[in-house]
Amino acid sequence: MNTDTLTPLSAASASSAVKSAPYLELKGVNVGYGPSNNRTEVLANVNLQVQENEFVAIIGFSGSGKSTLVNLLAGLQQPDTGEVRMAGQLVTEPGPERGIVFQNYSLLPWLTVAGNIDLAVKSVFPQFTAAQRRAHVARYIDMVSLTPAADKKPRELSGGMRQRVSLARTLAMQPGVLLLDEPLSALDALTRANLQDEITRIWEQDRRTVVLITNDVDEALLLADRVIPLTMGPRATLATSFTNTLERPRDRTAMNHDPAFKHLKAEITHYLLELNREAKALRVNQTLEMPNVLPADFSSGRREPPRAVTREGIRQANTRFNDDSNSSAA
Ligand SMILES: Nc1ncnc2c1ncn2[C@@H]1O[C@H](COP(=O)(O)OP(=O)(O)OP(=O)(O)O)[C@@H](O)[C@H]1O
């Protein structure tokens, strides 16, 4: 498989999976970093269409450009070329209609669980009365099963509990799109599994459009309707999309014995391994420009000008070294 020849997801190729105008869309997006004489093209011709209430997982290797992709969807960053649209509108800046949960919980340490969520609610729903706000905050704290910890400060909570607060805070803002940027990757396996179940339960009860960034195939298949690998960078792109038709609610233990799950997991894993193999092969085939220098010869008290490293040069240098060693030994 040659990643260069992969066809990026286009409106045409994605059309079989879509029924109506996309709710969230990336169109021909390119992003690079650095000055023009030393630029790294991170994302190239990225196209993505997400339907309203769809749960999409983007899976990729470290450094391939996943966070850049989420920043674009959130409006935290603008593409060099191409467009980001939500409900048909160009996304040009961050806004409460696109809620984001990061890997690090970013809670305010001096506020309680309720205080952290209340602050976000106040900024998005300034028209709420104090009683309405209290009820709203309590509803979302309950949604992530943290009612007994509502008055605790972040330092009194475990990592998993903090990530729950972060999730509740974003959900309480009732964004049209929920962007989850590897929210569970810093957690231990058990906490991660619990929170995956929590996210599934919440999504089933309070459906929204979700884009989850993850590096875990099982997590992607447990949660998402579609799994889209991001090819390895530079010039990473979304090349193909795997539709996940496993029935909901999904049970991770039962899923492990489901032939459809096993087949899909094997297909995605194989695809990712091929991407990795291709990228490694490309790196090996790249020729490195070696600097045109030899170590200076200080023994003669004279510094020789740099010379090209040639087999003959190395042979002569070795002969000189051996002659010098033999004469000093004698
Ligand atoms: N502001 C920046 N300036 C220069 N290079 C950047 C910047 N942000 C990201 N990069 C580079 O772009 C590439 C993609 O970064 P990005 O953080 O989007 O990848 P990622 O897939 O989220 O990585 P990880 O999984 O390790 O978090 C990396 O090579 C990174 O070094």
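Everything numeric in this text was worked out from a predicted model, so none of it was measured. The basis for the numbers below is simple: all heavy atoms, side chains too, and nothing from hydrogens, waters or symmetry mates. One-based numbering, in listed order, for ligands and for the atoms of each.
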- prompt: Side chain or backbone of Val42 under 4.0 Å from ligand 1, or both, or neither, by non-hydrogen atoms?
  reply: side chain
message: Regarding Asn45 and Asn47, do their side chains bring together a donor and an acceptor under 3.5 Å, going by distance alone?
response: yes
Numbering the atoms of ligand 1 from 1, which are under 4.0 Å from a heavy atom of [X]?
X: Ser67; value: 17 (O), 18 (O), 20 (P), 22 (O)
X: Gly65; value: 14 (C), 16 (P), 18 (O), 19 (O), 20 (P), 21 (O)
X: Glu182; value: 25 (O)
X: Phe61; value: 21 (O)

Please write down residue, atom name and distance for the protein heavy atom closest to [atom].
atom: atom 18 (O) of ligand 1; value: Thr68 OG1, 2.5 Å
atom: atom 9 (C) of ligand 1; value: Tyr33 CE1, 3.4 Å
atom: atom 26 (O) of ligand 1; value: Ser62 OG, 2.8 Å
atom: atom 25 (O) of ligand 1; value: Lys66 NZ, 2.7 Å
atom: atom 14 (C) of ligand 1; value: Gly63 O, 3.4 Å

message: Under 4.0 Å from atom 30 (C) of ligand 1, is there at least one protein heavy atom?
response: no
- prompt: Measuring to protein heavy atoms, does anything land under 4.0 Å from atom 23 (O) of ligand 1?
  reply: yes
- line: Tested for side-chain hydrogen bond (donor to acceptor under 3.5 Å, both in side chains) against Thr214, the lone hit among Gln196, Glu182, Glu219 is Glu219
- request: Group every Ile, Leu, Val, Met, Phe, Trp and Tyr by side-chain heavy-atom contacts under 4.5 Å, then state whether Tyr33 and Val70 land in the same group.
  value: yes
task: Without swapping roles, check the side chain of Arg98 against the backbone of Pro94 for a donor-acceptor pair under 3.5 Å.
output: no
Donor-acceptor pair, side chain of Arg162 and main chain of Pro154, under 3.5 angstrom: yes
field: Arg207 NZ/CZ over Trp203 ring centroid, <6.0 Å and within 45° of normal
entry: yes
query: Which distance, rounded to the nearest 0.5 Å, do you find between the CD of Glu25 and the CG of Leu90?
result: 10.5 Å
message: Measuring from atom CZ of Phe102 to atom CD of Gln163, what distance do you get when rounded to the nearest 0.5 angstrom?
response: 11.0 Å
